[in-house]
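Everything below concerns the one structure shown next.
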Amino acid sequence: MLIDEKIARLRRRSERIISEDELRRRLEVAEKSGKPLRIKLGMDPTAPDVTLGHCVPLKIVRQFQEWGHKAVIIVGDYTARVGDPSGRNTLRPQLSEAQIDENAKTYVAQIGKVLLTDPEHLEVRYNGEWLAKMSMMEVIRLLGRKTVEQLLAREDFAKRFESKTPIFLHELFYPLLQGWDSVAIDADLEIGGSDQLFNNLVGREFQAELGRPGQMVIVTPLLVGTDGVVKMSKSKGNYIAVTDPPGGPSGMFGKVMRLPDALLESYYTLLTDLDLSDVRTEIAANPRDAKVKLAKLIITWLHTSADAEAAEREFMTATHGGVPENIPEMKITASPQRLAPLLVSAGFCASNGEAIRKIKEGAVRIDGEKVPPESFGQDRTFAAPVVLQLGNKRFVRLVPSESV
RNA sequence: GGGCGUGUAGCGAAGUGGCCAAACGCAUCAGACUGUAAAUCUGACGACUUAUGUCUUCGAAGGUUCGAAUCCUUCCGCGCCCA
């Protein structure tokens, strides 16, 4: 593939490339010398899930892998203890070491859904490897590389400073640590979300100060979450995780179908490689079908095409008032009991009171039959398995046990 | 260290002795409508086998009072200003 073609392809998911000329040059050199570029991507293991939002930069990394370059994934186990202030207007909570390590472990498996994982193409590093070893003197020298003014220039900090929201010193330190990662692993190019631009450029400056070629930076647009309003993130609960099941109440299919229409084009752009003019035509013609197609594409990508088909069938069944094929089972006793506690133990309702309210609202069905609202206080006996349903998303098969 | 503020349910924000399980907005869940989208309307939104019933909540602990989110004391967190 020609370099121009490669760059054109990258642009689809790039908000900024710093810089394009440099990238062109260094790709050329790499091709001639056969020495692959080292592509850095930092992952913050604050949350256990890798989301579709992470997939946008990951897809760029994958692209480079396919062109023969090496992905260097930095799991920020050490920096997570500091808390990335990016995009935050308040202090990020600090997690316990155990939680962070737990999360970090699952990351490698999750990113494997998007990246090539052979050692030729992937290197995974934990930044505690070098950061934990720094002496006080080294830390102070690192601090001496940036001025308060420079750090406050960053938008997040500037806003917080302006609005007198507290900024703790360790938060100011975060970009420096992340920049130092680039030095430690000798990155040629760093990929990140556009909210990482500042941090990424710090890495570039550090390298240059040490007389090396500064890393290039590509930042991607941020994927808007399922709420259609803010950046997809675990903490906002507006995310689709790469490990989400294909179907079911909180599965990928349903989540994609529930996306606001306005998000379709950006999802297609950032998460698929389909021709965009075709995509636009399809969306304009029938947003619903475009959504179904997107859901299947994503499931095929992160699971299998069979899963995509199954999820679609299940979804269509549920949509038309039917009961999906594969639903969880819950063992219950055969003796008479009230319905509300069952809704709670199925995880549909947080409390008995809420369950009773739902019954009163007519939101509960058994085998598709609406449970009469006034019958919430009656005992029921289940002789054979039945399907208990709340709304049109949540189903469970109640299986009465033989022994009482 | 001093002065002035402030801390209410997931978030924002009312309430400043009884009518407060606590207005209102957002978010959420459900019903109607629909394309399981948007918009709109309706209901719910601390817990309790739902009761014009009981219990636990308004940063924490004590106290005053027949009665406290509201008054007092101490403590903790946060903000601004002064040092």
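Since the structure is predicted, the reported quantities are computational estimates derived from the model, not experimental observations. Sequence lines set the chain letters: A, B, ... in the order given, protein chains first and strands last, and positions in each chain run from 1.
A side-chain N or O of Gln110(A) and one of Thr106(A) form a donor-acceptor pair less than 3.5 Å apart. No hydrogens or angles considered: nothing links the side chains of Thr281(A) and Asp278(A) as a donor-acceptor pair under 3.5 Å.
Using Watson-Crick or G-U wobble geometry with both donor-acceptor distances under 3.5 Å, rU6(B) finds its partner in rG77(B). The partner of rU34(B), taking Watson-Crick or G-U wobble pairs whose two distances both stay under 3.5 Å, does not exist in any strand shown. Using the Watson-Crick or G-U wobble rule with both distances under 3.5 Å, rC20(B) pairs with nothing in any strand shown. Base pairing annotation: rC58(B) forms no Watson-Crick or G-U wobble pair, as no partner gives both donor-acceptor distances under 3.5 Å. Both distances falling under 3.5 Å, in either a Watson-Crick or a G-U wobble arrangement, occur for no nucleotide opposite rG67(B). Remark: rA44(B) base-pairs with rU28(B). Criterion, Watson-Crick or G-U wobble with two distances under 3.5 Å.
The aromatic ring of Phe376(A) does not sit over the base of rU50(B), since the test of centres under 5.5 Å and planes under 30° is not met.
Computed from coordinates, the Ile359(A) CD1 to rA44(B) P distance equals 17 Å when rounded to whole Å. Across the protein-nucleic acid pair, Arg258(A) atom CZ and rU34(B) atom C1' stand 15 Å apart, rounded to whole Å. Distance, Asn352(A) CG to rA44(B) P: 18 Å, rounded to whole Å. Rounded to whole Å, the distance from CD on Glu312(A) to P on rG35(B) is 17 Å. Across the protein-nucleic acid pair, Lys255(A) atom NZ and rA37(B) atom C1' stand 17 Å apart, rounded to whole Å. Rounded to an integer number of Å, the gap from Asp261(A) CG to rU36(B) P is 12 Å. Rounded to a whole Å, the CG atom of Asp289(A) is 9 Å from the C1' atom of rG35(B). Rounded to whole angstrom, the span from the CZ atom of Arg288(A) across to the P atom of rG35(B) amounts to 9 Å.
Using a 4.0 Å heavy-atom distance criterion, Pro260(A) is classed as a sugar-phosphate-only contact. If you check every strand for non-hydrogen atoms under 4.0 Å, Ala262(A) touches nothing. Using a 4.0 Å heavy-atom cutoff across all strands shown, Leu259(A) reaches sugar-phosphate atoms only and no base atom.
Using atom C1' as the reference point in both rC20(B) and rU56(B), the two lie 14 Å apart (nearest Å). The same atom, P, is picked in rG46(B) and in rC24(B); the two are 12 Å apart, to the nearest Å. A distance of about 9 Å separates the C1' atoms of rA14(B) and rU8(B), rounded to the whole Å. Separating the P atom of rC29(B) from that of rA39(B) is a span of 14 Å, rounded to the nearest Å. rA38(B) and rC45(B) have their C1' atoms separated by 24 Å, with the value rounded to a whole Å. Taking atom P on both rG53(B) and rC72(B), the two are 33 Å apart, rounded to the nearest angstrom. Look at the P atom in both rC11(B) and rC71(B): the space between them is 23 Å, to the nearest Å. rG59(B) and rG15(B) have their P atoms separated by 15 Å, given to the nearest Å.
The pair Lys6(A)-Glu31(A) counts as a salt bridge, with a side-chain nitrogen and a carboxylate oxygen less than 4.0 angstrom apart. In this structure, Lys70(A) does not pair ionically with Asp188(A), as no charged nitrogen and carboxylate oxygen lie closer than 4.0 Å. Under a 4.0 Å N-O distance rule, the pair Arg9(A)/Asp273(A) does not qualify as a salt bridge. Salt bridge absent: Glu205(A) and Arg145(A) never bring a charged side-chain N and a carboxylate O closer than 4.0 Å.
Under 4.0 angstrom from either OP1 or OP2 of rA47(B) there lies at least one side-chain N or O belonging to Arg357(A). At least one side-chain nitrogen or oxygen of Ser351(A) sits closer than 4.0 Å to the OP1 or OP2 atom of rC48(B).
Where Asn286(A) and Gly353(A) meet RNA chain B, the nucleotide closest to each residue was compared, and Asn286(A) sits on the side nearer the 5' end.
Of the residues listed (Glu123(A), Glu190(A), His69(A)), the one engaging Arg38(A) in a side chain to side chain donor-acceptor pair (under 3.5 Å) is Glu123(A), and it is the only one.
Between the side chain of Lys113(A) and the main chain of Leu302(A), a donor-acceptor pair closer than 3.5 Å is present.
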Protein N or O to nucleotides 28-30 of chain B N or O, pairs below 3.5 Å:
{"residue": "rC29(B)", "atom": "O3'", "partner": "Arg394(A)", "partner atom": "NH2", "Å": "2.9"}
{"residue": "rC29(B)", "atom": "O2'", "partner": "Lys358(A)", "partner atom": "NZ", "Å": "3.3"}
{"residue": "rC29(B)", "atom": "O2", "partner": "Lys358(A)", "partner atom": "NZ", "Å": "3.0"}
{"residue": "rA30(B)", "atom": "OP1", "partner": "Arg394(A)", "partner atom": "NH2", "Å": "3.0"}
{"residue": "rA30(B)", "atom": "O4'", "partner": "Lys358(A)", "partner atom": "NZ", "Å": "3.3"}
{"residue": "rA30(B)", "atom": "O2'", "partner": "Glu361(A)", "partner atom": "OE1", "Å": "3.2"}

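Taking the six-membered ring for Trp and thresholds of 30 and 60 degrees, Phe253(A) and Phe315(A) have ring planes inclined between 30 and 60 degrees apart.
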